[in-house]
Number of protein chains: 2
Amino acid sequence: MAVTRKTGEVTIKDIAASLGIAHSTVSRALNDHPHVNPETKARVRRAAQALGYAVNSGARMMRSGASRLVGLIVPDVQNEFYNAAAKIMADYCAGEGYQLVLAVSEDDPEKELQQVQALREARVAGVLVAATASPRRDTIQMLKQLPTVQFLRRHPGIAGHSVRADDVLGIQKATAHLIGLGHRRIGYVGVTEELSTGRARADGYRNAFLEARLKPNAGLMRLGAPRPEFGREALIELLGLANPPTAIVVASPRLMLGVLEGVNRLQLSIPEDLSLVAYSDLDWYRVWQPAITAVALPVADMAATAALFLFRQIQQRSTEGAGSSTPFEPILNPRGSSAALPATLKPVKSARR
Amino acid sequence: MAVTRKTGEVTIKDIAASLGIAHSTVSRALNDHPHVNPETKARVRRAAQALGYAVNSGARMMRSGASRLVGLIVPDVQNEFYNAAAKIMADYCAGEGYQLVLAVSEDDPEKELQQVQALREARVAGVLVAATASPRRDTIQMLKQLPTVQFLRRHPGIAGHSVRADDVLGIQKATAHLIGLGHRRIGYVGVTEELSTGRARADGYRNAFLEARLKPNAGLMRLGAPRPEFGREALIELLGLANPPTAIVVASPRLMLGVLEGVNRLQLSIPEDLSLVAYSDLDWYRVWQPAITAVALPVADMAATAALFLFRQIQQRSTEGAGSSTPFEPILNPRGSSAALPATLKPVKSARR
DNA sequence: CTGAAAGCGCTAACAG
DNA sequence: CTGTTAGCGCTTTCAG
């Protein structure tokens, strides 16, 4: 029954024609404009429904400036943190009548630039981004022009609000937990300090030692790309040391996967041979045997907050955020993978905390 | 330096004005139209770059009918299968100059309808969808009007191509593997038969028995929503039977998570007390102890194929696909969680396959 | 309360 | 090879 024009799509003109009224009236009715006869509104709605009408958001956009799209730029959708965040954000957007446009940067600044460019072309209303370590100048420049909220990672060059976890505190908790269990030779496998998260987490590791009046051992730290392979190699390297660590803090889920591969490869038994603490708590950590001690990030809260701030910025049509909010506090969930250091193995003097 | 108009955005007219040429020439130059002086093209490109121009894809869309957007509708981004697929698809889209619009249905037909509606309003060029069990009439109707490729799940009402795994074969392999190891009382924890995948998988389970000239035991099957809670309860129920299974096939990752929770709750030791085979192979199955036997779906191939078919449909401007392609063959990866049934426990006569 | 008309930025005929 | 012109579907004055 639909009146088809060249494009085959139903337009407000079709509705107008079928009702014998002006298309501008249809537009007003559909947008719930106050000065329209309620009865007319109802008739228009019915006709729209019957004809299978859907607004052409492109055309609408041309008038009103921005689309009902929000860009989400993440390094990796497979990372549980990001996909959990994506879920919440998608939900939130749907609630506000927006759609999420997914852009995966793979931590490659070139891809990131292309993605931002594409989002700009799509005239997204705003962007949620966990940026790469060194975004291109142009990337930063473009993001400046858009309502932008950074989450998890924070790049100082990018304006706008940022929502993050207190990574320093989080890793500090993880490390202090191990120190409290008597460990002194504690390894650290984390992501490169080029990333804000990597830097903060490494600081957290060092802080924990300083707070306990101990000296962090830089020789037990391994920093690299957040990929399982690096985690595996780092673990094997650390355990191959003349004086290997008795516990390890693993600062990212992808690294943890590699570390566990290494654990199996070396046939280590956890926590007897080695205590482990993970950063960012995953579903399956609970069912590993022994269950894995982990520091949980409040993903849901963080994602919701990021979305909230973005919509606030969008509504105010401002491109500047209020700076960064109080960082979210990570929570330590002690489980079976971390245990007190057996006295026999204790390698250094036992300074209790 | 950018010439700003009402919207503050640079348009091709600005570029044209700055160069003293017609805006249509700029358009042609930017679109690499053949009949344009190479030198003019270069000048236009330079000017566009200098002014920070980005096409307004909404405006472009109005002329050319569809946007450079592709919708991706999944029930759950947290499911490893879907996020792996999303990654590949996003990649593929970026390669073709498209952006993925993420829509999460949460297996709720209402949400699905809203998402499809939103995608239609955004005039996406096509849709990749893993549909809910009973999509609304309107949902199906709308998808019919769009280039659509279904993946993983297949709903017969939705036209277009479908890319799926051979779920019957996959679960059959999993079950046959256990039968081959001497198990006879084999439990099955799977998703509801309302879903195409659920139906096929349950069939695979039954087929394996029939092929081995054994009788499947419906009393050992538990079907429900793909959520961990259901998996946990199903396991506990099955193990509470007077004559409990000695092995279990778990037909979805989310269910597997719950099953493993149950395993820990009941303090079962795997594979001594119970053999397990999972469906859909996850990274962390390899590092579980013992490593989990799983049937791997070729996600990457499936996702790439789905994207490929969609772009083919988009290019042909057709809304009909070539029907469903040969289903992808799942591969069994035997690992430590499945072992031969100890003779002492063997409950039935040992018919070897 | 409703209609007529303008114009958003772009592409594509049609003329040169 | 380039300019002129029309018009995509919509919102938004400006008149009634």
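First the proteins, then the strands, lettered A, B, ... as listed; each starts at 1.
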- request: Ignoring hydrogens and angles, tell me if any N or O in the side chain of B:Ser57 forms a donor-acceptor pair with the backbone of A:Glu121 under 3.5 Å.
  value: yes

- request: Ignoring backbone atoms, establish whether A:Thr40 has a side-chain N or O less than 4.0 Å from OP1 or OP2 of C:dT2.
  value: yes

message: Please report the distance, rounded to the nearest Å, between CG in A:Asn56 and P in D:dG9.
response: 7 Å

- prompt: After noting the C-alpha distance and the side-chain angles of B:Asn56 and B:Glu9, does the key distance pass the side-chain contact (heavy atoms from CB on, under 4.5 Å) rule?
  reply: CA-CA 9 Å; B:Asn56 183 323; B:Glu9 304 276 4; over 6 Å; no

Test: A:Arg136 and A:Glu112 ion pair at under 4.0 Å: no

task: Specify whether A:Phe151 and A:Tyr82 have parallel, tilted or perpendicular ring planes, treating 30° as the upper limit for parallel and 60° as the lower limit for perpendicular.
output: perpendicular

- prompt: In whole angstrom, what separates A:Ile15's CD1 from D:dC10's P?
  reply: 8 Å

task: Answer yes when B:Glu106 and A:Lys87 have at least one side-chain N-carboxylate O distance shorter than 4.0 Å, and no when they do not.
output: yes

message: Check this for me: does any side-chain nitrogen of one of A:Arg45 and A:Asp32 sit under 4.0 Å from a carboxylate oxygen of the other?
response: yes

query: How long is the line joining CZ of A:Arg43 and C1' of C:dT2, in whole Å?
result: 12 Å

- prompt: Can we say B:Lys144 and B:Asp138 salt-bridge, meaning some charged N sits less than 4.0 Å from an Asp/Glu carboxylate O?
  reply: no

message: If I take atom CE in residue A:Met62 and atom P in nucleotide C:dT11, what distance separates them, rounded to the nearest angstrom?
response: 11 Å

- line: When B:Pro38 and A:Ala54 are each assigned the nearest nucleotide of DNA chain D, the 5'-most assignment goes to B:Pro38

Annotated protein contacts, base or backbone, on nucleotides 11-16 of chain D with a non-hydrogen cut-off under 4.0 Å, one of B, S, - each: BBB---

field: Helical bend (five base pairs per end, nearest 10°) for the helix from C:dC1-D:dG16 to C:dG16-D:dC1
entry: 40°

- line: B:Leu19 atom CG is separated from D:dC1 atom P, nearest whole Å, by 17 Å

message: Output the rounded distance in Å from CG (B:Asp14) to P (C:dC10).
response: 9 Å

- prompt: Are the side chain of B:Gln99 and the backbone of B:Cys93 linked by a donor-acceptor contact shorter than 3.5 Å?
  reply: no

- request: Mind running ring-ring contact (aromatic ring centres under 6.0 Å, His included) on A:Tyr98 and A:Phe311 for me, showing each step along the way?
  value: CA-CA 10 Å; A:Tyr98 283 74; A:Phe311 285 118; 5.0 Å; yes

CA sep, side-chain torsions, deciding dist, call: B:Tyr53, B:Leu30, side-chain contact (heavy atoms from CB on, under 4.5 Å): CA-CA 11 Å; B:Tyr53 170 79; B:Leu30 258 20; 3.7 Å; yes

message: Quick one: does any side-chain atom of B:Ser67 pair with a main-chain N or O of B:Arg123 as donor and acceptor, under 3.5 Å?
response: yes

Separation of atom CE in A:Met61 from atom P in D:dG9, rounded to whole Å: 15 Å

A:Lys41 NZ - C:dT2 C1' separation (whole Å): 13 Å

field: Of residues 113-126 of chain A, the positions that come close to DNA chain D - non-hydrogen atoms, cut-off under 4.0 Å
entry: none

